Chemist: 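Questions regarding the structure given below will be posed in turn.
Source: prediction; values computed, not measured. Remember, it's 1-based here, ligands and their atoms both numbered in the order they're listed.
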Amino acid sequence: MTAILSARGLTVRYPGARRPAVENVSFDLSVGSTLAVVGESGSGKSTIALAISRLLDPAVEIRADLLTFEGRDLLTMDRAGLRRLRARRIAMVFQSPFGSWNPTRTIGAQLTDGLRAAGIWPSGRDRLLTLLRRVGIHEPADRLRDYPHQFSGGMLQRAMIAGALVARPSLLIADEPTSALDTTVQAEILDILDELRDEHQLALMLISHDLGVVARVASSTLVLYGGRLVESGPTTALYRNAGHPYTRALLAAAPRLDGPRKVRLPALAPGPVVDHGCAFAPRCPQAESRCAETTPGLRPVSGLNVACHLAETPRST
Ligand SMILES: Nc1ncnc2c1ncn2[C@@H]1O[C@H](COP(=O)(O)OP(=O)(O)OP(=O)(O)O)[C@@H](O)[C@H]1O
Ligand SMILES: [Mg+2]
C-alpha cells in the first residue's frame with residue numbers, strides 16, 4: 001500500500017529547549033490503516049501531530065529529511081496551502097471534549113464553522129447529519145441547537161468526529177481522543193473510529209499514552225521515549241516480540257489484546273534528560289555500561305525496528 005503520510009528524520013525543537021521534543025522520527029501511514037503513537041506524557045506525541053498539521057508556532061524549529069502528505073512537501077507548503085489542507089484533507093480530534101468546544105455557542109453553529117472553512121456550507125449539511133447519526137447522535141437536527149454543556153463528554157467527542165469527517169479528509173489525527181472518557185465510552189469511540197477508517201478509507205493516526213487502548217485497532221505502532229523512537233512495527237509483532245525494555249514495561253502495564261481493557265501506566269519514575277546513550281538507560285532494568293555511552297540506532301529485530309543494544313533476534317535452535 002502506498003503511504004499518504006511519510007516522515008523521515010522528523011525533528012522538532014521548541015525555542016530555548018535544550019533537547020528536541022521530537023528527534024529523528026520516521027514513519028509511513030497508508031490509506032485505510034491505523035498507526036498508533038504511544039509513549040508516556042512528554043514523549044513528544046502531540047508535537048508529532050502538530051508538526052504534521054503544521055500547527056506549531058513559527059518559532060518552533062521543524063526539520064526533516066522528508067515530510068510529505070499525499071505526495072506534497074509539508075515543510076515548504078505556504079500558509080494558504082496549509083490552511084486548505086487542514087480544512088479539507090487533514091482532520092484532527094483532540095483529547096479534551098469540553099476544551100475543544102466554545103461553551104457559549106451551539107454545537108450546530110460550531111460545526112457549521114467547519115463546513116464554511118471547508119467551503120461546503122450549506123451543501124455539506126446533509127452529510128453532517130448523516131455522520132452525526134452514524135456516530136450515534138440521534139435526532140441530530142434537534143441536537144445541533146444544544147450547547148456543549150447539554151452533551152456528555154462522549155457525545156461531544158462523537159460530534160467532533162462527525163465534524164472532522166464531513167469534508168472527506170484522507171487523514172484523521174486523533175490525539176488522546178478517549179483519555180478523558182470512562183472505559184466503556186472509550187471502547188465505543190475507538191470502535192467508531194475504527195469503523196469509520198474502514199468505511200471512509202481513512203488513514204488514522206491514533207495517539208495515546210496507553211498501548212493497551214490503541215493496540216486493538218492499530219495495524220502498526222510507534223513507541224516514543226523522550227522524543228525518540230525506541231520501537232516500531234506491526235502491532236501484533238510488538239505484542240509477541242517486543243524488543244525494547246520500555247515497550248515491555250508498557251505491555252506489562254497493559255491488558256492482553258483480547259483481555260479486559262483496564263489499563264494503567266507503568267509505575268516508572270520520570271527519566272532524567274540524557275545527553276548521550278539510550279534515553280531509557282537510567283530507568284532500564286537491563287542497562288549495561290554501553291547503554292549510557294552510545295545511543296542505540298533503530299535496527300530490525302524479529303520483524304520490528306528496535307533501538308536497543310540488547311535486543312536480539314531469538315536463535316532458532
Ligand atoms: N509549546 C511548548 N513550548 C515548549 N515546550 C513544549 C511545548 N509543548 C510541548 N513542549 C515540550 O515538548 C515535549 C513533548 O511534549 P508533547 O506535548 O509533544 O508530549 P506528549 O507525548 O503529547 O505528552 P502528553 O501525553 O502529556 O500529551 C515535552 O518535554 C514538553 O514539555
Ligand atoms: Mg499530548
Chemist: Heavy atoms only: which of A21, S41, A51, A49 lies closest to atom 13 (C) of ligand 1?
Modeler: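 Selected option, by shortest heavy-atom distance: A21.
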Chemist: Just do the salt bridge (Lys or Arg N to Asp or Glu O under 4.0 Å) check on R105 and D113 with the steps written out, would you?
Modeler: CA-CA 11 Å; R105 300 178 67 221; D113 288 345; 2.7 Å; yes
Chemist: Under 4.0 Å and counting heavy atoms only, is there anything from the protein next to atom 28 (C) of ligand 1?
Modeler: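 Under the 4.0 Å cut-off, atom 28 (C) of ligand 1 does have protein heavy-atom neighbours.
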Chemist: For atom 17 (O) of ligand 1, what is the closest protein heavy atom, and at what distance to 0.1 Å?
Modeler: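 Here the nearest protein heavy atom works out to S46 CB, 3.9 Å.
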Chemist: Could you establish whether G39 and ligand 1 come within less than 4.0 Å of each other, counting only heavy atoms on the residue side?
Modeler: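 It does not, in that no heavy atom of G39 comes within the 4.0 Å cut-off of ligand 1.
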Chemist: Just to be sure I'm reading this right: ignoring hydrogens, which of G226, G44, A17, A59 gets closest to atom 19 (O) of ligand 1? Compare them by their nearest heavy atoms.
Modeler: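 When every heavy atom of G226, G44, A17, A59 is considered, G44 comes closest to atom 19 (O) of ligand 1.
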Chemist: Would you say H209 and ligand 1 have an N/O pair spaced under 3.5 Å apart?
Modeler: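 Such a contact does not occur with ligand 1.
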Chemist: Does any non-hydrogen side-chain atom of L190 lie less than 4.5 Å from one of R216?
Modeler: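 Yes; the side chains approach each other to less than 4.5 Å.
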Chemist: Go through ligand 1 atom by atom and flag the ones less than 4.0 Å from a non-hydrogen atom of T47.
Modeler: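 With T47 as reference, the close atoms of ligand 1 come out as 14 (C), 15 (O), 16 (P), 18 (O).
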Chemist: Specify whether F280 and H244 have parallel, tilted or perpendicular ring planes, treating 30° as the upper limit for parallel and 60° as the lower limit for perpendicular.
Modeler: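 If you compare the ring of F280 with that of H244, the planes turn out tilted.
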Chemist: Are any non-hydrogen side-chain atoms of P177 and L206 less than 4.5 angstrom apart?
Modeler: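 In short, these two side chains touch, coming nearer than 4.5 Å.
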Chemist: With heavy atoms of S43 as the reference, note each atom of ligand 1 found under 4.0 Å away.
Modeler: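 With S43 as reference, the close atoms of ligand 1 come out as 19 (O), 21 (O).
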Chemist: With heavy-atom distances below 4.5 Å as the criterion, would you say the side chains of R8 and S26 are in contact?
Modeler: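 When only atoms from C-beta onward are counted, S26 and R8 do touch, with a gap below 4.5 Å.
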Chemist: More than 12 heavy atoms of other residues, nucleotides or ligands under 6.0 Å from NE2 of H138: yes or no?
Modeler: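 No.
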Chemist: By number and element, which atoms of ligand 1 are closer than 4.0 Å to a non-hydrogen atom of E40?
Modeler: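 What qualifies from ligand 1 is 21 (O).
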Chemist: Taking the six-membered ring of F69 as reference, does the NZ or CZ atom of R89 fall below 6.0 Å from its centre and within a 45° cone about the axis?
Modeler: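 R89 over F69 ring: no.
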